[in-house]
K.L.:
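Before I ask anything, here is the structure I am working with.
Note on naming: letters A, B, ... go to the chains in the order of the sequence lines (proteins, then strands), and numbering restarts at 1 for each one. When reading the values below, keep in mind they use all heavy atoms of this one structure, side chains included, and skip hydrogens, waters and symmetry mates.
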Number of protein chains: 2
Amino acid sequence: MQSNELIKGTLTTIILSLLKENQRMYGYDITRAVKEKTQGKILLKEGSLYPALHKLQAEGLIESEEEMLGKRVRIYYKLTKTGKSRTKTQIQELLTFLDTIQELILNERPLAHG
Amino acid sequence: MQSNELIKGTLTTIILSLLKENQRMYGYDITRAVKEKTQGKILLKEGSLYPALHKLQAEGLIESEEEMLGKRVRIYYKLTKTGKSRTKTQIQELLTFLDTIQELILNERPLAHG
DNA sequence: GATATATACATAGGATTTCTATGTATCATT
DNA sequence: AATGATACATAGAAATCCTATGTATATATC
C-alpha cells in the first residue's frame, strides 16, 4: 500500500467501503479515489489492488461487469448482498480497532506495578 | 496479534510507545499491559512479541538488562537514545495514518465522476 | 510522426509481519 | 502431584502488500 508498512489488513475494508458509497467502481478508479481522498498519503499499488479485487470476488463479496471503451476493457465491481452486510461489520471492526490503538498510544500512563 | 488481521505494522510502535511511558518493561509485562489497556481487544502472542523485541534491539532502538528472580531470568528492555527519538516519529506517523484511514472510511461520499 | 504519459488490466515472486505450535523451566496454588 | 501462571525462545506457516514486469489503448506533447 506504500511507504509506511502500517497498513496490512486495511486494504480490503477500504475497497469495500469505497464500493459502498460509489456503487460501481473499476480498479484504476479505486486507486485514484484513495489517492485523492487521502491527499496522496495512501497510494494503492496495482500489484496489491487487483489481486485483492480478485480475492473479494472469489469470496462472493463483490461482482464484476465488463465494459468496453473503444477497444479497452474496463471491469466494474459492485458489492453483492453478502458483500454489503460484510462491509458494515468490517467497517465497524476497523473503526473499533483504530480507536483501540489510538487509546493505547495516547492514553499512556505508567502502569501500577504489581 | 490476534483474531482480526488488521494489525500488521503497529506492533513495533505499540512496544515503543509502552516503553516510552514505563521506562523499563519485560516481555511478559508488555503482553499484560496491552491486554489490560485494550480490555482484551488486542492480545499479543509470544511468538510475535519476542522476535519483535529482538529485532528492535538488533536495530539499536532498545537495550536489555537481565535480572534474576530466584532462578528465573527476566529481561528488561528500555529505549536507547536513538529509540526515544524514533518512538516520537513512529507514534506521530501511526496517529496520522489512523486519522487518514478514519477519514477515508467515515468521510465517504460519492465521487464526482469525470 | 514519434514519444511520453495516463489509463487499464494482469501475475510471479519477494519481503515483511504476525501467528501457530512447540519447547524449556520456575513458581504458586490446589 | 497437578495445574496454571510466569518467563523466555524459535522454526515454520500463513497472510498481506510490494516490486517488477508484461500487455495494450488513448491522449498529449514535441
Side-chain angles (χ1 to χ4, degrees), chain A residues 1-16 24-36 41-59 62 64-77 90 94 97 101 111 113-114, chain B residues 1-16 24-36 41-59 62 64-77 90 94 97 101 111 113-114:
Chain A
M1 219 176 211
Q2 199 223 155
S3 47
N4 50 356
E5 303 301 327
L6 283 171
I7 326 262
K8 319 226 167 176
T10 61
L11 175 55
T12 292
T13 309
I14 287 170
I15 294 173
L16 292 175
R24 208 171 98 100
M25 296 180 92
Y26 56 96
Y28 201 80
D29 215 9
I30 294 174
T31 311
R32 255 185 330 213
V34 170
K35 185 180 174 186
E36 280 169 26
K41 288 197 281 284
I42 296 178
L43 301 173
L44 296 194
K45 300 303 162 51
E46 295 171 295
S48 317
L49 178 62
Y50 291 115
L53 287 170
H54 300 160
K55 199 188 170 200
L56 285 170
Q57 185 166 26
E59 291 170 350
I62 63 178
S64 68
E65 192 178 16
E66 292 194 5
E67 234 170 72
M68 299 304 293
L69 296 95
K71 292 182 179 178
R72 217 159 22 168
V73 179
R74 193 182 268 179
I75 304 176
Y76 281 94
Y77 292 94
Q90 277 207 206
L94 177 53
F97 172 72
I101 298 288
L111 299 163
H113 45 101
Chain B
M1 218 177 214
Q2 198 222 153
S3 49
N4 51 358
E5 303 301 327
L6 283 171
I7 326 261
K8 320 225 167 177
T10 61
L11 175 55
T12 293
T13 309
I14 287 170
I15 294 172
L16 292 175
R24 210 171 96 101
M25 295 180 92
Y26 56 96
Y28 201 80
D29 216 9
I30 293 174
T31 311
R32 256 186 328 213
V34 170
K35 185 180 174 185
E36 280 169 26
K41 288 198 280 284
I42 296 177
L43 301 173
L44 296 194
K45 300 304 161 52
E46 295 171 296
S48 316
L49 178 63
Y50 292 114
L53 287 170
H54 299 162
K55 198 186 170 203
L56 285 170
Q57 184 166 26
E59 290 168 353
I62 63 178
S64 67
E65 190 178 16
E66 291 194 7
E67 233 169 73
M68 299 305 292
L69 297 94
K71 292 181 177 178
R72 221 165 12 175
V73 178
R74 192 182 268 179
I75 305 176
Y76 281 94
Y77 293 94
Q90 278 208 204
L94 177 53
F97 172 72
I101 298 288
L111 299 163
H113 46 102

K.L.:
Does the side chain of B:Lys45 get closer than 4.0 angstrom to OP1 or OP2 of C:dT20 through an N or O atom?
P.N.:
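Indeed, a polar side-chain atom of B:Lys45 lies that close.
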K.L.:
How is B:Gly47 classified with respect to the nucleic acid when contacts are heavy atoms under 4.0 Å: base, sugar-phosphate, or nothing?
P.N.:
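B:Gly47: base contact, heavy atoms under 4.0 Å.
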K.L.:
Please pick, from C:dT11, D:dA7, C:dT17, the nucleotide with the shortest atom-to-atom distance to any side-chain atom of B:Lys55.
P.N.:
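Nearest nucleotide to the side chain: C:dT17.
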K.L.:
Side chain of A:Tyr28: nearest nucleotide among C:dT11, C:dC27, C:dA8?
P.N.:
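Given the options C:dT11, C:dC27, C:dA8, the side chain of A:Tyr28 is closest to C:dA8.
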K.L.:
Run the salt-bridge test on B:Glu67 and B:Arg72 with the 4.0 Å N-O cut-off and return the result as yes or no.
P.N.:
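So B:Glu67 does not pair with B:Arg72 through a salt bridge.
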K.L.:
The side chain of B:Arg72 lies closest to which of these nucleotides: D:dA5, D:dT25, C:dC9?
P.N.:
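Ranking D:dA5, D:dT25, C:dC9 by closest atom to the B:Arg72 side chain puts D:dA5 first.
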K.L.:
Does a nitrogen or oxygen in the side chain of B:His54 sit under 4.0 Å from OP1 or OP2 of D:dT10?
P.N.:
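Indeed, a polar side-chain atom of B:His54 lies that close.
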K.L.:
Give a yes/no on whether any side-chain N or O of A:Tyr50 is located under 4.0 angstrom from OP1 or OP2 of C:dC9.
P.N.:
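Yes, A:Tyr50 has a side-chain N/O under 4.0 Å of OP1/OP2 on C:dC9.
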K.L.:
The side chain of A:Arg32 is closest to which nucleotide in this list: D:dA9, C:dT7, C:dC9?
P.N.:
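Per side-chain heavy atoms of A:Arg32, the pick is C:dT7.
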K.L.:
If each of B:Ile75 and A:Ala52 is mapped to the nucleotide of DNA chain D with the nearest heavy atom, which maps nearer the 5' terminus, i.e. the 5' end?
P.N.:
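Going by which nucleotide is closer to the 5' end, it is B:Ile75.
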K.L.:
Report the distance from atom CG of B:Leu53 to atom CD1 of B:Ile75, rounding to the nearest 0.5 Å.
P.N.:
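Answer rounded to 0.5 Å: 9.0 Å.
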K.L.:
Check B:Arg32 with B:Glu36, please: is the shortest side-chain N to carboxylate O separation under 4.0 Å?
P.N.:
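Judged by the 4.0 Å cut-off on N to carboxylate O distance, B:Glu36 and B:Arg32 do not form a salt bridge.
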